[in-house]
Amino acid sequence: MGLYIEMNYEHELKLVFLKVAAGEMEPQAWAQWWKDYRSQLEKLLTRGDIGRIMPDLWEPNYAFMLKTQKGIAYYFHTQGRPVKCSDYYEKKAQEEETEKRRQAMEEFHRQTTQARERWEGYLAMHPTEAITFPWRSLLGTPPAQKPPQIFPYKNPAGLDAWKETNTELKLRLKENIQAKIVPLAKAYGMKRSGTQRFVKEINGLVLCIQFIGYFRGGGYEDLWYSIGPVYDIHTGIHDIPGFIAKGELFRKMKSNWGIIEYVTEGVVDAERIRKINDQFDKILIFLADGVFPEWKKIESLETYFAPERMEYVKATEVGPADPRTGRAMWDKGRNGNDPWCADAYLFGVWDLLSGRETEGYRQLAECVEKGSEYMQYCRKEQPGAYNDKRDPMAVLYYNAELFLKTGQIADSEQRRRAIRNTYEDVCHFMRYYHGLSKKVER
C-alpha cells in the first residue's frame, strides 16, 4: 500500500513538472503545490534536485519560476527523458524586470527632482539654440553598403583567412561610421580628428567622441566620449548625468558590443553584417538621443562649472538598485577616491580663472604634491613625458605645476596676467592633446 501511494505521488510530481516545463503553471500556484507536498517531495527528490528546483530565497515571481523550470528540465534530463521547455516564463520574467526597472527609475527621478529643477532653472536663464537634425533617417542599412562577400569557409582558420575576415569587418565598421556617425557629428559642429575620433571646441570647452580600436579583436573595443575644459585631461566624471551616461540607452548599446569588436567565430556574412548595422543603430541612438542633447546645454565654462549642474551630476552619479542583481544600475562616481587628484587640478584652475586664488592655489598644491613622485621619475627616466598625449598623468601634473608657479608672483596684477598667459599656453598644448591641432612642443 505504501509503495502504491509513493508511486502515485511520483506520478503526480512528474505531471506537475511537465506542466511547469510547458509554462502552464503560475508562480503562486506552483508555490502552493510545493508547500502542500513538500514532505513527500523531499522523500522523492535528491537534495541537488531540490536546490535546483526550489533554490534558497525562492519567491513567487517569473524570474524564480524560470529557475524552477530549468531545474525541472535538468531533472528530466537525468531521468533519461529530456523535455522541451516553453519560453513563457522567460518572456514574463523579462516583462517583470522591465516593469521593475521602470518603477526604480521613476523613484530615482523623484528623489533627484530638486537637483534637476535647480539645473533646469539655470538652463532657462541660460538658453542655448537647439539643433534639429533628422538622425533617425540614418538608422538601418547604410545606403552605399557593399553586398556581403562570399567566403569559401564558415569559420576562419589560419592567418590568411583571419586577415580576410578581419578586413571585411573593418569595411563594415567604416561603412557605418561614414553613414551614421559622421553626419551626426557634423550636425553638432564636430570635426574628424583621425579615422575614429571627432572633436569640437567651443568657448573653452572640448567635446570628443572616439571609437577605441583596432586592438586585439580587430574591431572597436569601446566608445569613449567626454566634455570638459580645454585645459583638462577629461576624466568623464563630471560630464553628464549618470542615467544618460550609463543608463538604459547605454545598456542597450553595450549588450551586443562584441559583434563589432572581433571575428573569432564565423565570417562576416549577411547575418553578421545586419547585426553590425543594428549595433551602430544603437550607438547612434545613444549619442543622438542621449549624449549630444545633454552636451548642447553646456556651451561655456560658466555653465560647465555652474553649481546647479555640478549638484545635478552629483545627484545622478549612482543609479537605483538593479532588480536582477540588487546592485546599483550604474556608478559614475569615484566613491571619494581620486587617485590622480585630477579634480583638484580641474577645479583649482577654474578657481584661479574666477579670481578665487586662495582656494585655487590650495587645490593645485594638492595635485602637485600627489604627482611629485611620478614627475620626479619622469624627469629622470622620461624627460619628454609631459609633451606626450599618451601619458595623461605627466601632462596633468606638469600643467598643475605651471599654474601653481604663478602663485610665487607677489604683485596681484602681474600674477593675474601670468595666470591668463599660463592658461593660454596650456590650452595651446592641450588642443594638440585633444586632437584639435597638430603636435605642439613646449
Side-chain angles (χ1 to χ4, degrees), residues 4-111 243 246-259 275 278 282 318-331:
Y4 176 74
I5 293 174
E6 185 174 309
M7 288 177 65
N8 277 349
Y9 279 138
E10 188 171 358
H11 178 68
E12 181 180 346
L13 173 148
K14 290 182 178 178
L15 289 177
V16 173
F17 278 13
L18 286 171
K19 288 182 68 177
V20 173
E24 296 173 356
M25 201 166 191
E26 293 298 305
Q28 291 286 359
W30 163 259
Q32 186 61 51
W33 181 83
W34 183 271
K35 180 180 178 182
D36 292 343
Y37 293 94
R38 185 181 183 99
S39 59
Q40 294 94 324
L41 290 165
E42 287 177 346
K43 294 176 183 178
L44 295 172
L45 299 172
T46 67
R47 184 174 297 181
D49 286 333
I50 292 173
R52 283 183 289 269
I53 294 171
M54 288 296 279
D56 292 341
L57 306 177
W58 193 95
E59 295 180 7
N61 59 46
Y62 289 104
F64 272 107
M65 204 65 196
L66 180 60
K67 292 182 179 181
T68 293
Q69 186 187 51
K70 290 179 179 179
I72 286 173
Y74 184 83
Y75 167 80
F76 279 120
H77 175 76
T78 59
Q79 296 272 315
R81 47 175 299 190
V83 294
K84 185 177 180 180
C85 290
S86 164
D87 63 355
Y88 172 73
Y89 297 130
E90 183 178 6
K91 289 181 178 178
K92 295 295 286 186
Q94 289 173 351
E95 292 174 8
E96 211 168 47
E97 182 181 342
T98 299
E99 176 59 20
K100 286 180 179 179
R101 279 180 171 275
R102 187 191 65 77
Q103 292 175 1
M105 286 303 300
E106 279 189 358
E107 179 59 25
F108 169 80
H109 287 304
R110 278 196 293 270
Q111 291 175 354
F243 64 91
K246 300 291 183 182
E248 189 67 14
L249 293 180
F250 175 83
R251 192 172 67 87
K252 288 180 179 178
M253 178 185 71
K254 297 297 289 185
S255 63
N256 195 32
W257 189 271
I259 201 72
K275 290 179 179 179
D278 289 346
K282 294 175 187 175
V318 181
D322 189 303
R324 182 190 297 173
T325 64
R327 299 189 295 270
M329 290 186 191
W330 67 82
D331 187 349

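Atom CZ of F76 has more than 12 neighbouring heavy atoms from other residues, nucleotides or ligands inside a 6.0 Å radius. Atom NZ of K254 has more than 12 neighbouring heavy atoms from other residues, nucleotides or ligands inside a 6.0 Å radius. A 6.0 Å sphere centred on CZ of R110 holds more than 12 heavy atoms belonging to other residues, nucleotides or ligands. For Y37, the OH atom sits in a loose shell: 12 or fewer heavy atoms of surrounding residues, nucleotides or ligands are nearer than 6.0 Å.
Checking side-chain atoms of Q40 against main-chain N and O of L13 turns up no donor-acceptor pair under 3.5 Å.
Remark: I72 CD1 to M65 CE distance equals 6.5 Å, nearest 0.5 Å. Rounding to the nearest 0.5 Å places CH2 of W330 at 9.5 Å from CD of E248. Rounded to the nearest 0.5 Å, atoms OG1 (T78) and CG (D49) are 5.5 Å apart. Atoms NZ and CE, from K35 and M54 in turn, are 11.5 Å apart once rounded to the nearest 0.5 Å. Atom NZ of K67 is separated from atom CG of N61 by 9.0 Å, given to the nearest 0.5 angstrom. Here CG of L18 is found 9.5 Å from CD of E24. Values are rounded to the nearest 0.5 Å.
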Given the rule in the side-chain hydrogen bond (donor to acceptor under 3.5 Å, both in side chains) test, do Q32 and Q28 qualify, once you have shown the distances and angles that lead to the verdict?
CA-CA 6 Å; Q32 186 61 51; Q28 291 286 359; over 6 Å; no
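When all heavy atoms of A22 and S86 are compared, the closest pair comes out as O-CB, 3.2 Å. Between P323 and M329, the shortest heavy-atom contact is CD-CE, 3.9 Å. Closest approach of A321 and G326 over heavy atoms only: CB-O, 3.8 Å. The two residues G319 and A328 have their closest heavy-atom pair at O-CB, 3.7 Å.
Salt bridge present: R38 and E42 bring a charged side-chain N and a carboxylate O closer than 4.0 Å. Salt-bridge annotation for R102 and E106: present, with a side-chain N of the basic residue lying under 4.0 Å from a carboxylate O of the acidic one. Salt-bridge annotation for E97 and K100: absent, with no side-chain N of the basic residue lying under 4.0 Å from a carboxylate O of the acidic one. With respect to the salt-bridge test (charged N to carboxylate O, under 4.0 angstrom), the residues R101 and D322 qualify.
At least one side-chain heavy atom of Y89 sits less than 4.5 Å from a side-chain heavy atom of M25. Residues Q79 and Y75 form a side-chain contact, since some pair of their non-hydrogen atoms from C-beta on lies under 4.5 Å apart. Counting heavy atoms from C-beta on, the side chains of W34 and I50 come closer than 4.5 Å. Put simply, the side chain of V16 reaches to within 4.5 Å of the side chain of W30, judged on heavy atoms. Taking 4.5 Å as the limit, every side-chain heavy atom of P320 sits out of range of all side-chain heavy atoms of Q111.
Side-chain contact annotation: Q69 with Y62, donor-acceptor N/O pair under 3.5 Å absent.
The aromatic rings of H109 and F243 sit perpendicular to each other, their planes meeting at more than 60°, with 30° as the lower class boundary.
Note that K14 lies outside the cation-pi zone of F17, set by a 6.0 Å cut-off to the ring centre and a 45° limit from the axis.
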